[in-house]
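To start, the structure under review is shown below, and the notes come after it.
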Amino acid sequence: MVAGARPNFMKIASVIEESNRGGKIKPILVHTGQHYDPELSDAFFQQLGIPEPDYHLGVGSGTHAEQTARAIAGLDRILPETKPDFIAVVGDVNSTLAGAVVAAMRRIPLVHIEAGYRTHDPNQPEEINRQIADTLSDYFFPSTQFAAENLFREGVSPERVFMAGDINLDPMFRLMPEIDACGITEEMGLAPGQYIFSTLHRPENTDHEEILRGIIEAFDRVSRKTRFILPLHPRTAKRMAEFGIPMPEGITVTKPLPYIQTVRLMKTATLVITDSGGIQDETTVLGIPCLTLREHTERPETIRIGTNRLIGTDRDRIIAEVQRILDGDKPEGRVPELWDGRTGERVVRVLEGVFG
Ligand code: UD1
């Protein structure tokens, strides 16, 4: 099983745990090292109870091509000694792409968990990663019916597609007692239902000065009315410094936060503003209004069924949409089918049937 960046870690935890419990499949975990800062990596392993990786490739940062190429070469080097029956990749980061490519090159069956998401926006590196991973995959675990239908439209045979739910949510269900007991809101002096929680890190938003400036100006305006919490991703911090965009005084900035603290802050927020993928799922299950700063989402169920609104990145629109929620016009939602925290179990039962 290959993982490398923060959003991957939520998606491998239950699959590894269930494989170990079932005993028919022995997982070998490879951490590519795409994310290496303790707050983006070790903190997640620890809270999610993921065992130490069997291999750590240490690929580090670089252009997408450099990073992916180093991960491909690193994975390729360990395959002769590990001899896996299959390679499993999760999500859509560069490490996912690397695992998929190496499986295809070595003719090893490929399993993609969280398959079939599409935005058809080539400006998002994740979209390229998803499309290539799905082109090369043999077994597909889409999180939603919409994602499954994308795969069918692209010619994937239905007997290779397994509906198991949203893997990303398993840790949230499992760790809910710890999330509820977490004292971060009190430590930060936040009253439930009276603050906005936000995350921002997508290159389409952070790497264009005008867009980033507009978003931060909107955050500035909003933070004058309501407490505003922003854990700052290293990419965003770097770009704000490069573009000379100052952090508005009203925003409470933190380092990237561990998983339990992040979910706790989402769970009692008035609303969440994000460009993350996983947070759109999590807020839907938590029933918290979410404003997504993107033009497209690969997760349309979170809008059709859940509590998400896709609002783009225009400054005035962000301000207006926040006001709309503060005025009481909140998206009401339900939880999509099989988003119940038991996806890892279902995935592993299928894999045991195929490979066990
Ligand atoms: C990656 C994923 C993205 C995911 C995000 C979550 C890809 C294409 N993108 O984006 O889908 O939502 O992770 O965080 O795989 N850096 C550090 N410490 C680290 C890692 C990175 O400071 O441990 C800095 C480096 O300056 C690096 C930058 O963050 O250049 C971006 O890191 P990178 O892994 O390239 O992409 P992310 O933006 O994190």
Side-chain angles (χ1 to χ4, degrees), residues 2-12 30-46 48 53 56-72 74-75 89-101 112-115 117-119 121-133 143 167-168 171 198-208 211-212 215 230-243 253-259 262-263 272 274-282 292-294 296-299:
V2 180
R6 181 174 57 180
N8 280 172
F9 306 140
M10 276 74 87
K11 297 168 195 167
I12 60 169
V30 184
H31 189 325
T32 63
Q34 174 175 348
H35 281 175
Y36 43 86
D37 280 350
E39 60 268 20
L40 293 181
S41 181
D42 298 358
F44 285 79
F45 272 68
Q46 196 226 326
L48 300 172
H56 200 298
L57 304 179
V59 303
S61 299
T63 66
H64 292 306
E66 286 165 348
Q67 192 174 55
T68 309
R70 284 200 293 269
I72 291 172
L75 285 164
V89 295
V90 293
D92 54 19
V93 304
N94 289 339
S95 303
T96 312
L97 173 62
V101 169
H112 187 198
I113 305 173
E114 205 185 79
Y117 275 150
R118 295 288 181 270
T119 59
D121 179 356
N123 295 316
Q124 298 173 324
E126 294 82 5
E127 178 64 10
I128 297 161
N129 296 345
R130 286 179 202 124
Q131 290 194 16
I132 299 175
S143 306
I167 195 72
N168 181 47
S198 183
T199 75
L200 179 71
H201 74 279
R202 293 271 153 190
E204 343 47 297
N205 290 338
T206 60
D207 293 6
H208 304 278
I211 294 176
L212 184 58
I215 294 172
L230 179 69
L232 200 58
H233 189 280
R235 174 190 286 284
T236 314
K238 218 164 153 181
R239 294 291 180 258
M240 286 181 73
E242 270 171 35
F243 299 145
V253 176
T254 71
K255 290 171 97 173
L257 294 170
Y259 181 73
T262 302
V263 181
V272 170
T274 193
D275 58 5
S276 153
I279 287 181
Q280 297 172 59
D281 300 347
E282 286 152 2
T292 297
L293 305 180
R294 295 208 210 157
H296 327 268
T297 180
E298 65 283 3
R299 298 162 146 86

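Numbers here simply count residues along the sequence, with the first being 1. It should be emphasised that the depicted structure is a prediction, and the values quoted were computed from it without experimental measurement. Each ligand, and each atom within it, is numbered from 1 in the order the structure gives.
Residues Phe9 and Ser41 form a side-chain contact, since some pair of their non-hydrogen atoms from C-beta on lies under 4.5 Å apart. For the pair Pro234 and Leu40, the minimum side-chain heavy-atom distance is below 4.5 Å. You'll find the side chain of Pro256 stays beyond 4.5 Å of the side chain of His201, heavy atoms only. The side-chain heavy atoms of Arg294 and Gln124, taken from C-beta on, include a pair separated by under 4.5 Å. With contacts defined as side-chain heavy-atom distances shorter than 4.5 Å, the pair Pro53/Phe45 qualifies. Side-chain contact check for His233 versus Leu200: every heavy-atom pair is 4.5 Å or farther apart. Under the 4.5 Å side-chain criterion, counting only non-hydrogen atoms from C-beta, Asp281 is in contact with Arg299. Annotation: side chain of Thr96 is in contact with side chain of His112 (closest heavy-atom distance under 4.5 Å).
Of all protein heavy atoms, the one closest to atom 20 (C) of ligand 1 is His35 CD2, 3.4 Å. Ranking protein heavy atoms by distance to atom 18 (N) of ligand 1, first place goes to Asp37 OD2, 2.9 Å. Atom 24 (C) of ligand 1 has Pro234 CB, 3.8 Å as its closest protein atom, hydrogens excluded (heavy atom only). Of all protein heavy atoms, the one closest to atom 2 (C) of ligand 1 is Val93 CG1, 3.7 Å. Nearest non-hydrogen protein atom to atom 16 (N) of ligand 1 is Tyr36 OH, 3.6 Å.
Within ligand 1, the atoms closer than 4.0 Å to a non-hydrogen atom of Arg202 are 11 (O), 12 (O), numbered from 1 in the order shown. Listed by number with element, the atoms of ligand 1 under 4.0 angstrom from any heavy atom of His64 are 8 (C). If you number the atoms of ligand 1 from 1 as listed, the ones under 4.0 Å from a heavy atom of Ser61 come out as 21 (C), 25 (C), 27 (C), 30 (O). Near His201, the atoms of ligand 1 lying under 4.0 angstrom from a non-hydrogen atom of the residue are 4 (C), 5 (C), 6 (C), 12 (O). In summary, the atoms of ligand 1 found under 4.0 Å from a heavy atom of Lys238, numbered by their order in the structure, are 26 (O), 30 (O). Residue Gln67 has at least one heavy-atom neighbour below 4.0 Å for each of these atoms of ligand 1: 34 (O), 35 (O). Atoms of ligand 1 lying under 4.0 Å from at least one heavy atom of His233, given by number and element, are 14 (O), 37 (P), 38 (O), 39 (O).
Within the 4.0 Å heavy-atom criterion, the part of Pro7 lying near ligand 1 is the side chain and not the backbone. The side chain of Glu126, and not its backbone, has at least one atom closer than 4.0 Å to an atom of ligand 1 (non-hydrogen atoms only; side chain from C-beta on). With a 4.0 Å cut-off on non-hydrogen atoms, Asn94 touches ligand 1 through its backbone as well as its side chain.
Any N or O atom pair closer than 3.5 Å counts here, and Arg235 shares at least one such pair with ligand 1. Polar contact with ligand 1: present for Gln34 (N/O pair, distance under 3.5 Å).
Applying the salt bridge (Lys or Arg N to Asp or Glu O under 4.0 Å) test to Arg118 and every residue at least two apart in sequence or in another chain returns Asp134, Glu154. Evaluation of the side chain to side chain contact (heavy atoms under 4.5 Å, CB included) rule for Thr262 yields Phe197, Leu257, Met266 as partners, not counting sequence neighbours.
Distance check: Thr206 OG1 to Glu242 CD gives 9.5 Å after rounding to the nearest 0.5 Å.
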